[in-house]
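Since the structure is predicted, the reported quantities are computational estimates derived from the model, not experimental observations. Chain letters run A, B, ... following the sequence lines, proteins first and then strands; every chain starts at 1.
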Protein chains: 2
Amino acid sequence: MQNKIDLKSNFGLTHEELDVTFKSYSPESMLANQYFLKQGFVSDKIGFVKEGLLRAFFYTENGEEITTHFFTTGSYIISYGSFNNQTPSKENIIAVENSELMTVNYQKQKELYLKIPQWNQICKDLADIKSREMIERTAQFQTLTATERYNLFCADFPEVIKKVSLRHISSYLGIDIATLSRIRKKR
Amino acid sequence: MQNKIDLKSNFGLTHEELDVTFKSYSPESMLANQYFLKQGFVSDKIGFVKEGLLRAFFYTENGEEITTHFFTTGSYIISYGSFNNQTPSKENIIAVENSELMTVNYQKQKELYLKIPQWNQICKDLADIKSREMIERTAQFQTLTATERYNLFCADFPEVIKKVSLRHISSYLGIDIATLSRIRKKR
DNA sequence: ACTGTTTATTGACAAAAGTCAAAAAATCAT
DNA sequence: ATGATTTTTTGACTTTTGTCAATAAACAGT
C-alpha cells in the first residue's frame with residue numbers, strides 16, 4: 001500500500017521510539033457527519049486515519065461549502081494554519097463515514113518532538129508530502145480542463161467517488177455541479 | 001513591511017542565535033536569467049531574497065513552461081520536494097531580474113537545526129506560511145473566474161506584473177495568453 | 001411507507017475561455 | 001540601428017463551462 005503511511009518503514013522510527021509514540025496517541029472513533037474540527041476553533045490535535053474518510057471544507061461569503069481536501073485511510077489529518085501555530089481554524093473537518101483515528105494533542109506532540117528528535121524530521125516529511133500534493137493539485141488547475149481534472153480525480157481517489165456526494169467533488173474540483181453531472185454522464 | 005520575513009521579530013531568534021545563523025548564510029548575487037535551481041538537479045541550498053525577483057517553473061510533456069511561483073523580496077526560496085529530502089527537482093528556479101540572496105547549503109542548515117533548536121520551529125513556521133499560501137491559491141482556482149484571479153494577482157503582486165512577461169503570468173494563473181491579453185485590455 | 005428535504009439530472013440558453021492564425025509591438029543581439 | 005526573434009494583441013470562430021429553472025431521484029426522519 002504505497003499511499004499508506006507507516007511510521008516504522010516510511011520514517012525509520014526504532015521499536016522504542018514507536019512504543020513511546022503509540023503511548024502518546026489515543027484511538028478515537030468518529031461517527032459519520034461528526035466534526036473533527038470546527039471553523040473558528042483551534043485545532044488541538046493531529047489525527048491519523050486508520051480507517052475511514054474525512055472531508056475538509058470552508059464556507060464562502062454567500063454560504064456555499066467549498067471542499068478543500070479528502071482524508072483517506074492512511075493519511076494524516078493536520079490542519080496547517082491551525083495546529084502548528086494554534087490559531088483558529090478557517091476550515092471544518094468532518095467525517096464522511098464512520099472512521100477510526102489515532103489522535104494526539106498539541107502538548108503531547110510537542111513532547112514527542114523533544115523525546116524523539118526523529119519526530120522533527122517526520123513532521124518535515126509530512127509537510128513535504130502535503131506540499132507535493134498541493135503543488136500537484138495546483139498544476140492540475142493550471143494545465144487541465146474540467147473533464148481532465150475529473151478523470152484524474154476518479155483515477156486517484158476511486159473510493160472517494162463512491163462515498164462522497166457529487167456537489168462536494170464539484171466544489172473540490174472547481175466545477176459547477178450541473179457541468180460535472182454532464183461530464184460524468186459522458187464517461 | 002508585513003510580507004517581509006524578519007528572523008528576529010517574526011521568529012524570535014535571540015541575538016546570539018542570529019549571529020550563528022548569519023555565519024552559516026552567505027550573500028549571493030544573481031544575474032537576470034541565471035538559474036538558482038535546474039530541473040533534475042538536487043537543490044543543495046535555501047535562499048532568502050534580500051532584493052529582487054525569481055520565478056519557478058516546469059515544462060509540460062509538449063514543452064511549454066508552466067510558472068508555479070514567484071519569489072519576491074523578503075520571501076524564502078525552498079524547493080520542497082528537493083531540498084528537504086534531497087531528491088532531484090522537478091522544477092526550475094530562475095532570476096527574473098538581478099537579485100540579491102542570502103543562501104545556506106543543506107549541510108549547514110542541518111547543523112543549524114542542531115545548534116539552534118528554534119530553527120526547527122522556524123522551518124515549521126515557514127512551511128506553514130507556504131502551506132497557507134498554497135491553500136489560498138487553490139481556493140482561488142476553485143472559486144474564482146479567470147478575470148477575478150487576474151485582478152487579485154494584480155492586487156497581491158503589483159511589482160510582479162510590471163516585471164514578468166504576460167505568458168508567465170498566464171501560465172501561473174492557468175489562463176490562455178490570448179484570453180489574458182483581452183482581460184487585461186478591459187481594465 | 002410517507003413526507004419533506006436534499007441532491008442530481010436535464011434542457012435551453014448565455015457567458016467565459018480556448019484555438020488558430022495573422023499582424024503589430026517590443027525586445028535582443030550583433 | 002537593423003534585422004531577427006520573441007511577445008503581445010487582435011479577429012473570427014469553436015468549445016467549454018456556467019446559469020437558471022424545472023424535474024427526477026435519492027435520502028432522512030418520523
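The distance from atom NZ of B:Lys186 to atom C1' of C:dA15 is 10 Å, rounded to the nearest whole Å. Following rounding to the nearest Å, B:Glu64 (CD) and D:dT7 (C1') show an atom-to-atom distance of 15 Å. In this structure, the CD1 atom of B:Ile177 is 15 Å from the P atom of C:dC20, given to the nearest Å. Taking atom NE2 of residue A:His168 and atom P of nucleotide C:dT7, one finds them 7 Å apart after rounding to whole Å. Rounding to whole angstrom units, CD1 of residue A:Ile175 and P of C:dA17 are separated by 14 Å. Rounded to an integer number of Å, the gap from CD1 of B:Ile183 to P of D:dT9 is 12 Å. Atom CG in A:Leu180 sits about 10 Å away from atom C1' in C:dA8, given to the nearest Å. Taking atom CG of A:Asp176 as the reference point, atom P of C:dT7 lies 15 Å away to the nearest angstrom.
Side-chain atoms of A:Tyr59 and A:Glu65, non-hydrogen and from C-beta on, do get closer than 4.5 Å to each other.
For B:Tyr25 and B:Phe48, the distance between ring centers is not under 6.0 angstrom.
In terms of heavy-atom proximity, A:Phe71 sits nearest to A:Arg55 at CD1-N, 4.4 Å.
Within 3.5 Å, a donor on the side chain of A:Arg182 pairs with an acceptor on the base of C:dG11, or the reverse.
Overall, the helix from C:dA1-D:dT30 to C:dT30-D:dA1 carries an axis bend of 70° between its ends, with five pairs at each end and the value rounded to 10°.
When only modelled atom types and interatomic distance are considered, B:Glu91 and B:Thr68 share a side-chain donor-acceptor pair under 3.5 Å.
Atom CD of A:Glu51 has 12 or fewer heavy atoms from other residues, nucleotides or ligands within 6.0 Å.
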How far apart are the C-alpha atoms of B:Glu100 and B:Ser29, what are their side-chain angles, what is the distance that settles it, and do they pass the side chain to side chain donor-acceptor pair (under 3.5 Å) test?
CA-CA 5 Å; B:Glu100 297 299 322; B:Ser29 292; 2.9 Å; yes
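Between C:dT9 and A:Ser181, a contact under 4.0 Å exists linking OP1 or OP2 to a side-chain N or O. For the pair A:Lys185 and C:dT9, the criterion of a side-chain N or O lying under 4.0 Å from OP1 or OP2 is not met. Distances shorter than 4.0 Å separate some side-chain N or O of B:Thr179 from OP1 or OP2 on C:dG18.
Because its NZ or CZ atom is both nearer than 6.0 Å to the ring centre of A:Phe36 and within 45° of the ring axis, A:Lys45 counts as a cation-pi partner of that residue. Judged by a 6.0 Å distance limit and a 45° cone about the ring axis, B:Lys38 is not positioned over the six-membered ring of B:Phe41.
Positionally, the nearest nucleotide of DNA chain D for B:Arg167 lies more toward the 5' end than for the other of B:Ala178 and B:Arg167.
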For nucleotides 22-28 of chain D, give me every protein contact, N/O to N/O, under 3.5 Å, one pair per line with atom names.
none

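Within residues 141-156 of chain A, no residue is approached by DNA chain C to less than 4.0 Å at the level of any non-hydrogen atom.
Although no hydrogens or angles enter the test, the distance criterion places a donor-acceptor pair under 3.5 Å between the side chain of B:Thr73 and the main chain of B:Gly52.
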